[in-house]
Structures are given as structure tokens and as C-alpha cells.
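A quick write-up on the structure given underneath.
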Amino acid sequence: MRKNIVAGNWKMNKTLQEGMALAAELNEVLKGASLNCDVVIGTPFIHLASVAAAVDSAKIGVAAQNCADKESGAYTGEISASMVKSTGAAYVILGHSERRAYYGETAATLKTKVELALKNELTPIFCIGEVLEEREAGKHFEVVKQQIEDSLFELSAQDFGKIVLAYEPVWAIGTGKTASAAQAQEIHAFIRQTLAAKYGQEVADATSILYGGSCNAGNAKELFSNPDVDGGLIGGASLKVADFKAIIDAFN
Ligand code: PGA
């Protein structure tokens with residue numbers, strides 16, 4: 001059966017020293033805990049190697065927040081999937097709405113990034129989600145379907161089976177507004193149906209679909225109790241161990 005996952009996305013927060021302290025604190029808190037979900041932290045690139053070496057990899061997986069759409073070479077400032085892998089990270093967040101909106105990431109670029117991530121044995125946490133106008137126009141189903149089709153549906157069923165999806169309505173990210181549990185379940189079920197139609201029910205049932213967007217200690221339990229919500233991608237609330245741990249505990 002599919003995994004439950006609580007993944008933190010630190011975004012562009014924390015110096016290396018602050019990030020190391022946060023990771024060490026989380027590692028300590030999770031040491032004796034019995035967990036009912038996988039825990040992942042998505043750190044800035046420069047933190048990856050130090051954080052990966054400092055945490056218990058059996059308890060905490062480490063994710064990059066992006067990787068390049070090229071394998072290697074003259075691409076100043078870029079970080080390749082193989083470099084991410086070499087730090088000890090096991091995951092890479094791809095297609096976050098902030099990358100799509102502020103850095104012009106397209107469906108085609110993301111398709112390449114996913115392929116390179118898989119080639120380098122990283123687990124992509126692939127983000128999809130509609131903006132407010134699309135939700136208000138009732139287009140959210142078609143928007144997320146298109147995002148999935150455009151970047152992921154040329155993968156083989158075997159490769160698709162290695163993907164984690166994160167549904168993040170853009171209007172809920174960092175805004176304090178959350179999709180209701182019913183809204184989350186409705187679209188997660190739709191996403192799973194979309195996967196089943198393409199890859200079959202077995203692959204769809206095995207795919208973890210996370211919810212993201214102002215998920216916090218107060219709403220995590222209700223969101224995660226939905227049959228098609230398999231955890232969360234957590235921004236703001238992943239920056240404090242107590243808040244993040246409370247979300248992890250929503251699975252207990
Ligand atoms: P948020 O961010 O939890 O701060 O809303 C979620 C995300 O963007 O992954």
C-alpha cells in the first residue's frame with residue numbers, strides 16, 4: 001500500500017548554521033518516536049550534504065527543492081540531479097508553483113527535470129495545483145490534469161510508480177487559507193482517478209498524493225484523515241520543530 005509522507009519545504013529560509021540546528025533538533029525529537037509516516041525535509045541546496053550527514057536517514061529523508069534540466073556542463077549557477085544525489089539527498093521537489101510562477105518553469109522543462117531525477121535515482125515530489133481564478137472558474141480539475149499529463153504521462157508505469165505527487169492549490173500557499181478537507185479529498189480522488197485511467201488502479205493506489213498549502217498542526221489531522229490524502233508538503237510550519245512534529249503526529 002502507498003506511503004504516508006510528511007515533507008517539509010524550507011524554501012529560501014535558514015542559513016546553513018540555522019538549518020543544521022533545525023535538522024539536529026528534528027532528528028533528536030524523532031529519535032525515540034515511532035512514526036506512521038515517512039518524514040522528509042526539503043532544504044536549500046547548500047544545506048543538503050551537511051543535513052543529510054547529520055540526520056538518521058532511516059527516519060528523515062532529505063530533499064532538494066529543484067534541480068537543473070540539464071545533465072552537466074556550462075550552465076552557470078545550476079545544480080544537476082546527479083549533484084543532488086551525491087549529497088545524500090533522496091528526493092527532489094519539482095514544479096513547485098513558486099518555481100513555475102517566478103522562474104518560468106514550463107511543463108516541458110519539468111518533464112526533463114523529472115526524467116533526470118529518476119535517472120539519478122531521486123524520488124521526485126511533483127507539485128501541481130491551480131491558481132485562485134482557475135478555482136473560481138471551476139477549472140481546477142482540468143488544470144491539474146493538464147499539469148500531470150504534460151510533464152508525467154510519457155513516463156512508463158514503472159517510472160511513474162516512483163513519483164510522489166503534491167497537490168498544492170496556489171491560493172492556499174503561505175496565505176493561511178487552506179482547502180477544506182472536503183475540497184482536498186475531492187481533487188485528490190480526481191487525481192487518483194486520472195492516474196488510474198492512464199496507468200491502472202494498482203499504480204494509482206500505490207501513488208502517494210500529498211496536500212500542501214497552509215497545512216498546520218491545527219488542520220493536518222482532518223486533512224490527512226481523507227482516504228486520498230496521503231500526507232502533506234509543509235512550508236511555513238516546517239520551520240519550527242514543534243509545529244512540524246505536531247503535523248507528523250497527525251498520523252498517530
Ligand atoms: P505553506 O507552503 O505550508 O507555507 O503554505 C506550502 C508549500 O508551498 O509547499
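Just follow the structure's listing: the first ligand is 1, and inside any ligand the first atom is 1.
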Q.
Under 4.0 Å between a side-chain nitrogen and a carboxylate oxygen: does that hold for Asp150 and Lys145?
A.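 Salt bridge flag = no for Lys145 with Asp150.
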(Q) For Glu130, is there an ion pair with Arg135 - N to carboxylate O distance below 4.0 angstrom? (A)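 Looking at Glu130 together with Arg135, the answer is yes, because their closest N to O distance falls below 4.0 Å.
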Atoms in ligand 1 with a heavy atom of [X] nearer than 4.0 Å:
X: Asn9; value: 9 (O)
X: Ala172; value: 5 (O)
X: His96; value: 7 (C), 8 (O), 9 (O)
X: Gly174; value: 1 (P), 4 (O), 5 (O)

Q: Assess the pair Phe153 and Tyr199: is the distance between their ring centroids shorter than 6.0 Å?
A: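 Yes, the ring centres sit under 6.0 Å apart.
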Q.
Against Phe244, only a single residue in Val29, Ile41, Leu30 fulfils side chain to side chain contact (heavy atoms under 4.5 Å, CB included); can you say which?
A.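 That would be Ile41; it is the only one of Val29, Ile41, Leu30 passing the side chain to side chain contact (heavy atoms under 4.5 Å, CB included) with Phe244.
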Q) Is ligand 1 less than 4.0 angstrom away from at least one heavy atom of Ser214? A)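 Judged by the 4.0 Å heavy-atom criterion, Ser214 does count as contacting ligand 1.
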Q | Proximity flag Gly232 to ligand 1, non-hydrogen atoms under 4.0 Å | A |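 Contact absent.
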**Q.** Sidechain-backbone polar pair: Asn216 side chain, Asn219 backbone, donor-acceptor under 3.5 Å
**A.**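 Flag set: sc Asn216 to bb Asn219 pair under 3.5 Å.
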Q: Scan Lys113, Lys119, Lys111 and name whichever one has a side chain to side chain donor-acceptor pair (under 3.5 Å) with Glu115.
A: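 Option passing the side chain to side chain donor-acceptor pair (under 3.5 Å) with Glu115: Lys111.
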(Q) Below the 3.5 angstrom mark, is there an N/O of Lys11, backbone or side chain, next to an N/O of ligand 1? (A)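 In this structure, Lys11 places an N or O atom under 3.5 Å from an N or O of ligand 1.
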(Q) When you compare ligand 1 with Gly236, is there at least one nitrogen or oxygen pair between them that comes in under 3.5 angstrom? (A)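 Looking only at distances, the answer is yes, because the N/O contact criterion of under 3.5 Å is met.
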Q: Considering only non-hydrogen protein atoms, determine which one is nearest to atom 3 (O) of ligand 1 and report residue, atom name and distance to 0.1 Å.
A: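 Looking at atom 3 (O) of ligand 1, the protein heavy atom closest to it is Gly235 N, 2.9 Å.
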Q) Which protein heavy atom lies closest to atom 9 (O) of ligand 1, and at what distance to 0.1 Å? A)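 For atom 9 (O) of ligand 1, the nearest protein heavy atom comes out as Glu168 OE2, 2.7 Å.
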Q. Roughly how far, to the nearest 0.5 Å, is the CG atom of Leu22 from the OG1 atom of Thr15?
A.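 CG of Leu22 is found 10.5 Å from OG1 of Thr15.
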